[in-house]
Amino acid sequence: MNNRATADWAFLLWGADAAGPVPRTSRRARLTAAVRTAQALRTLRRAGWGAAQSCLRDARAAPRAHRELPDDAAIRVARRELPRCQLVVRLTEPDALCLARSFALAVYLSALGVPAETVVARQRTSIGARFAFHSWTELHGEVLNDIPGVRSGHTVLQRVRCAALSPGTS
């Protein structure tokens, strides 16, 4: 594939903000991220959200992972890796709802060294007497696996991210 074709795809996927090529992710890092994601999903299914949060908070980045990328490059890496993570979710938890899918993406990206976080929220208004809960993944304030306006209709209850990748930690 020539550089012109790559530039065209970058424009289609990320618009005029695509500044240069997306950093490569090694196959080994992707495999490590996939295995850790499958294990974390199993923990979520068997032990619940409390244990799953610990998995995400205690996650470690894979060798040769993306560390300290500029925000725009990290977001482009995350969007490129999203379909791969969705494949892992589909294979391990075919009926996964938003919490499992969002949690899986945050674990997958954390394993790659990208500091994504799982957001758990409650719907602000509801026609019925009960409120709906929803979850999505964010990276540097940008929603990755839902529509960008999802935040406007929800009140955030919790944000969970990998402690090792949080600002101010080593």
Side-chain angles (χ1 to χ4, degrees), residues 13 22-69 71 73-123 130-148 150-151 153-170:
L13 293 173
V22 179
R24 294 194 181 275
T25 304
S26 71
R27 287 184 181 156
R28 181 177 183 178
R30 283 186 180 136
L31 180 61
T32 301
V35 168
R36 290 182 185 174
T37 300
Q39 291 170 339
L41 283 169
R42 189 168 75 189
T43 299
L44 176 62
R45 184 181 67 241
R46 291 184 176 175
W49 179 234
Q53 290 177 65
S54 296
C55 284
L56 180 54
R57 285 190 181 115
D58 299 338
R60 297 284 178 241
R64 303 178 74 187
H66 300 290
R67 294 178 191 259
E68 302 191 21
L69 287 174
D71 292 0
I75 290 167
R76 290 181 9 238
V77 166
R79 290 211 168 124
R80 183 192 59 206
E81 296 299 326
L82 178 60
R84 292 176 174 98
C85 178
Q86 288 175 337
L87 178 62
V88 173
V89 173
R90 184 56 96 181
L91 292 172
T92 57
E93 295 289 327
D95 298 325
L97 297 177
C98 60
L99 180 62
R101 290 190 315 264
S102 299
F103 168 68
L105 181 58
V107 169
Y108 187 93
L109 292 175
S110 294
L112 294 180
V114 177
E117 61 187 358
T118 300
V119 179
V120 179
R122 186 186 81 183
Q123 191 176 12
R130 59 179 236 219
F131 288 95
F133 292 86
H134 189 48
S135 182
W136 61 87
T137 307
E138 287 187 13
L139 176 60
H140 303 303
E142 185 144 344
V143 177
L144 297 174
N145 63 337
D146 207 328
I147 61 170
V150 71
R151 287 181 258 166
H154 292 82
T155 299
V156 173
L157 302 173
Q158 185 179 34
R159 293 177 177 273
V160 182
R161 72 185 300 178
C162 175
L165 297 174
S166 296
T169 62
S170 55

Inset, instruction - Could you tell me which non-hydrogen atom of Ala116 sits nearest to which non-hydrogen atom of Leu109, and how far apart they are? - result: CB-CD1, 3.7 Å

Legend entry - Heavy-atom pair of closest approach, residues Ser102 and Thr137: O-OG1, 2.8 Å

Inset, instruction - First locate atom OG1 of Thr118, then atom CG of Leu105, and finally report the distance between them rounded to the nearest 0.5 Å. - result: 8.0 Å

Inset, instruction - Examine distances only and state if a side-chain atom of Arg161 and a backbone atom of Pro115 form a donor-acceptor pair shorter than 3.5 Å. - result: yes

Legend entry - Which residues share a salt bridge (Lys or Arg N to Asp or Glu O under 4.0 Å) with Arg45, sequence neighbours left out: Glu93

Inset, instruction - State whether the number of non-hydrogen atoms from other residues, nucleotides or ligands found under 6.0 Å of Arg90 atom CZ is greater than 12. - result: no

Legend entry - Atom of Ala59, atom of Cys162 and distance for their closest heavy-atom approach: O-SG, 3.0 Å

Inset, instruction - Determine the interplanar angle of the Trp49 and Phe103 rings, folded into 0 to 90°, and report it as parallel if under 30°, tilted if 30 to 60°, perpendicular if over 60°. - result: perpendicular

Inset, instruction - Give the minimum heavy-atom separation between Val160 and Gln53, together with the two atoms involved. - result: CG2-OE1, 3.8 Å

Legend entry - pair Leu165-Ser110: side-chain heavy atoms closer than 4.5 Å: yes

Inset, instruction - Report the C-alpha distance between Val119 and His154 in whole Å, list the side-chain angles of each, state the deciding distance to 0.1 Å, and finish with yes or no for side chain to side chain contact (heavy atoms under 4.5 Å, CB included). - result: CA-CA 10 Å; Val119 179; His154 292 82; over 6 Å; no

Inset, instruction - Show your working on side chain to side chain contact (heavy atoms under 4.5 Å, CB included) between Leu82 and Asn145 and close with a plain yes or no. - result: CA-CA 8 Å; Leu82 178 60; Asn145 63 337; 4.2 Å; yes

Inset, instruction - Might you point out which heavy atoms bring Ala29 and Leu112 nearest each other, and give the distance in Å? - result: O-CD2, 3.6 Å

Legend entry - Set of residues satisfying side chain to side chain contact (heavy atoms under 4.5 Å, CB included) with respect to Ala74, sequence neighbours excluded: Leu69, Val114, Leu139, His140

Legend entry - Shortest non-hydrogen contact from Val89 toward Ala96: CG1-CB, 3.8 Å

Legend entry - Rounded distance (nearest 0.5 Å) linking atom OG1 of Thr92 with atom CG of Leu44: 10.0 Å

Legend entry - Separation between CD of Glu81 and CG of Leu144, rounded to the nearest 0.5 Å: 12.0 Å

Inset, instruction - Report yes if some heavy atom in the side chain of Thr25 is under 4.5 Å from a heavy atom in the side chain of Arg80; otherwise report no. - result: yes

Inset, instruction - Enter the distance from Arg36:CZ to Leu31:CG here, rounded to the nearest 0.5 Å. - result: 10.5 Å

Inset, instruction - Would you check if the side chain of Arg84 reaches a backbone N or O of Tyr108 as a donor-acceptor pair within less than 3.5 Å? - result: no

